[in-house]
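Model, not experiment: these values are computed from the prediction. Each chain gets a letter, A, B and so on, in the order the sequences are listed, and its residues count up from 1.
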There are 2 protein chains.
Amino acid sequence: MTALAHDRIQDTRDRTLEAALELFMARGYFNTTIQDLSERAGVSVGSIYHHFGSKTGVARALYQGLMGELEAAVDDIAARPVSSAEQCRAVMAHLLAFAEQRPRAMQFILEARHQEFLPEEPPMCSSQPFVRMRELVRRGIERGEIRDIDVNVAATSVFGGALRLIAMRLDGALDTPLPEHLDALWTCAWRGVAAP
Amino acid sequence: MTALAHDRIQDTRDRTLEAALELFMARGYFNTTIQDLSERAGVSVGSIYHHFGSKTGVARALYQGLMGELEAAVDDIAARPVSSAEQCRAVMAHLLAFAEQRPRAMQFILEARHQEFLPEEPPMCSSQPFVRMRELVRRGIERGEIRDIDVNVAATSVFGGALRLIAMRLDGALDTPLPEHLDALWTCAWRGVAAP
DNA sequence: GTCTATATTCGGATAGAC
DNA sequence: GTCTATCCGAATATAGAC
């Protein structure tokens with residue numbers, strides 16, 4: 001296969017996934033038909049089935065791609081040789097920026113009830129990015145940066161505020177861009193859990 | 001209409017709503033058919049349409065009932081003549097207990113993408129119970145109990161941790177009953193926002 | 001690999017008896 | 001108010017030409 005042909009195939013896949021993200025989040029997965037997808041992406045129904053096998057297949061490809069991206073970002077931050085506090089803050093900053101720049105993608109990760117159309121995927125709390133975030137917090141406790149409390153309580157306390165504010169923004173209930181709130185959010189989160 | 005007849009009608013409605021809550025949350029709204037509802041509730045398809053008009057009607061009745069309940073609980077707490085801190089703590093305790101005792105109901109309130117099947121309802125962040133919770137926090141700032149920061153940041157910081165932990169529990173990713181974490185959650189939340 | 005036209009299933013909603 | 005039997009539109013998926 002030539003490089004050009006490969007690009008054209010990538011293009012069909014990408015156009016389909018982009019249309020899927022847009023429509024799934026605007027109207028919901030079940031309110032979006034393959035026909036809608038086909039029209040929006042400018043790709044025929046046959047091609048969609050050729051590449052993804054089923055409607056579920058489209059959703060799965062989208063899900064795994066986005067989760068993989070987020071996981072990679074968290075892993076990258078986790079590898080930095082800095083304090084747990086700085087790592088957690090960087091993750092929070094990344095989440096806010098990501099949500100602001102690609103709201104639909106963030107919405108798909110956070111709000112979509114994947115269980116409803118991707119029963120084989122784990123619930124969001126058990127997905128890799130969120131497992132990694134808890135891991136950061138666990139190390140913070142080990143290092144004595146964070147008080148010695150239940151790791152789940154600590155992790156949800158650190159990131160819960162930011163995630164709720166992101167949800168508000170994605171719901172259209174918040175007018176200010178998320179990154180502007182980073183400092184205030186981080187101060188609240190870290191004061192809550194920091195070791196004395 | 002006799003009191004007895006009235007009770008029988010209530011019973012059909014209640015059985016339907018109970019079945020709906022169970023099935024909508026177990027399989028999702030779109031994966032549940034009216035037939036499923038009818039069988040589970042022991043009520044005929046015709047009766048369901050007689051009482052609720054449509055499948056959406058069932059979801060709407062469920063939604064408004066549960067939101068009304070939660071709103072009443074928050075209002076009750078808001079009326080108590082105590083500090084904002086105590087009010088917020090009481091709301092947090094209520095949320096944890098509610099999620100533990102009626103997980104499906106809490107799941108429906110928190111996780112269901114109502115927008116997908118109830119487009120006319122406001123997004124969750126703008127629903128009455130959550131508006132009232134922000135109001136509690138706003139008063140806390142006015143009274144000087146909470147630092148003078150953006151009210152949305154303060155509100156999400158106060159309740160975000162608890163809501164994420166509830167989500168974990170509802171996802172089956174947390175083994176311990178939620179109310180056991182109240183003290184730890186509250187300490188984190190309040191330390192984060194409390195005025196010096 | 002891409003497309004159009006088509007088949008088949010399924011589920012929301014209704015009619016009308018009791 | 002409750003029920004059963006039935007309609008009908010819609011949407012996933014496929015067949016088969018190019």
Integer-rounded Å distance: [N] [atom2] and [X] [atom1]:
X	N	atom1	atom2	result
D11(B)	dG1(D)	CG	C1'	13 Å
I34(B)	dC10(C)	CD1	P	17 Å
R27(B)	dG11(C)	CZ	C1'	14 Å
Q35(B)	dT9(C)	CD	C1'	15 Å
K55(A)	dT12(D)	NZ	C1'	8 Å
I48(A)	dG1(C)	CD1	P	16 Å
F52(A)	dA13(D)	CZ	C1'	16 Å
E39(B)	dG12(C)	CD	P	12 Å

Salt-bridge test for E18(B) and R104(B): reply yes if a basic N is under 4.0 Å from a carboxylate O, no otherwise. no
Basic-acidic side-chain contact under 4.0 Å: E135(A), R132(A): no
Taking D76(B) for its side chain and A72(B) for its backbone only, find out whether a donor-acceptor pair lies under 3.5 Å. no
Of the nucleotides [options], which has the atom closest to the [X] side chain?
X	options	result
V43(A)	dT14(D), dT2(C), dC3(C)	dC3(C)
T33(A)	dG12(C), dA11(D), dC3(C)	dA11(D)
S44(A)	dT2(D), dT4(C), dT12(D)	dT4(C)
H51(A)	dG1(D), dG12(C), dG1(C)	dG1(C)

Look at the rings of F30(B) and F30(A) and say which category their plane angle falls in: under 30° parallel, 30 to 60° tilted, over 60° perpendicular. parallel
Kindly say if [X] contacts the phosphate of [N], meaning a side-chain N or O under 4.0 Å from OP1 or OP2.
X	N	value
H50(A)	dG1(C)	yes
T12(A)	dG1(C)	no
S47(B)	dG1(D)	no

Give a yes/no verdict on a cation-pi contact between K55(B) and F117(B), requiring under 6.0 Å between NZ or CZ and the six-membered ring centre and an angle within 45° of the axis. no
Considering every strand and a 4.0 Å limit on heavy-atom distances, what is the contact class for T32(B): base, sugar-phosphate, or nothing? sugar-phosphate
